[in-house]
Amino acid sequence: SIFPLTLNYSHTLAEMILSGHYDWVNPDITAEHFPNVGVGEVNLEAQLIHFNRVTEFDGVLKELDKKGLRPGTLPELLAFGAKHPDVQRQFPIIALGSVWQGHFGSRFVAVLWSHADGRSLVLSWYVSRWFEHSRFLALRK
């Protein structure tokens, strides 16, 4: 499926997060850790890629590349969460295109997650193995 999105890079990361109305946001998802590098307003067509198996970071990137896709970034994930808030209630949605190197050199990516208390914007380890029900936000190169 194709999901149309409009992303306005003139908004701050905090404003993008607020537009998603998340019930919980990891406090390490900040403009300092994930700088906003886009300009202006853009229309995008996002896809959610499902591998239906346990996957790892490098394998996902290789598969996306074969399909002519690139991993979604944090701003693109936030635009997705704001426009399609109920999709993350079905499965985690991972944005591999924005990576933050945190404490002790660990690297993290943003994930739209759902739980009994609502919708969350969380961080997951960059080298994580993702469950077969996970989806990866991707866009055409």
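Positions are given from 1, in the same order as the sequence printed here.
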How many angstroms lie between atom [atom1] of [X] and atom [atom2] of [Y], to the nearest 0.5 angstrom?
| X | Y | atom1 | atom2 | result |
| --- | --- | --- | --- | --- |
| Asp86 | Arg119 | CG | CZ | 7.5 Å |
| His115 | Arg89 | NE2 | CZ | 9.5 Å |
| Leu123 | Asp28 | CG | CG | 6.0 Å |
| Arg140 | Leu64 | CZ | CG | 10.5 Å |
| Leu112 | Leu77 | CG | CG | 3.5 Å |
| Lys62 | Glu56 | NZ | CD | 10.5 Å |

Indicate, with yes or no, if [Y] and [X] share a hydrophobic cluster defined by side-chain heavy-atom contacts under 4.5 Å among Ile, Leu, Val, Met, Phe, Trp and Tyr.
| X | Y | result |
| --- | --- | --- |
| Leu137 | Phe131 | no |
| Phe80 | Leu18 | no |
| Ile93 | Trp125 | yes |

Please report the shortest heavy-atom distance between [X] and [Y], naming the atom on each side.
| X | Y | value |
| --- | --- | --- |
| Pro75 | Met16 | CB-SD, 3.9 Å |
| His50 | Glu132 | NE2-O, 2.7 Å |
| Ser10 | Asn8 | OG-OD1, 2.5 Å |
| Ala95 | Leu74 | CB-N, 4.4 Å |
| Leu5 | Ala46 | CD1-CB, 3.8 Å |

Check whether any side-chain heavy atom of [X] sits under 4.5 Å from a side-chain heavy atom of [Y], and report yes or no.
| X | Y | value |
| --- | --- | --- |
| Phe136 | Leu69 | no |
| Ile29 | Trp100 | no |
| Leu139 | Thr73 | no |
| Ser124 | Trp113 | no |
| Leu78 | Phe34 | no |
| Ile94 | Trp130 | yes |
| Ile49 | Glu63 | no |
| His21 | Pro85 | no |

Backbone N or O of Gly105 within a donor-acceptor pair of the Arg107 side chain at under 3.5 Å? no
Would you confirm whether Gln88, through its side chain, and Ser120, through its main-chain N or O, come within 3.5 Å as a donor-acceptor pair? yes
Determine, stepwise, if the pair Phe91 / Leu48 fulfils side-chain contact (heavy atoms from CB on, under 4.5 Å). CA-CA 11 Å; Phe91 37 71; Leu48 296 180; 3.8 Å; yes
May I ask you to check whether over 12 heavy atoms, not counting those of Tyr9, lie within 6.0 Å of atom OH? yes
Count the heavy atoms of every other residue, nucleotide or ligand shown that sit under 6.0 Å from NE2 of His103, and state whether that count exceeds 12. no
Evaluation steps, side-chain contact (heavy atoms from CB on, under 4.5 Å), between His133 and Gln90: CA-CA 9 Å; His133 66 282; Gln90 300 168 44; over 6 Å; no
Any chance you could lay out the side-chain contact (heavy atoms from CB on, under 4.5 Å) test for Asp23 and Asp117, step after step, and finish with the verdict? CA-CA 7 Å; Asp23 298 297; Asp117 294 330; 5.9 Å; no
Quick one, Asn36 with Leu13, criterion side-chain contact (heavy atoms from CB on, under 4.5 Å). Give me CA distance, side-chain angles, the key distance, then yes/no. CA-CA 7 Å; Asn36 188 354; Leu13 183 65; 5.6 Å; no
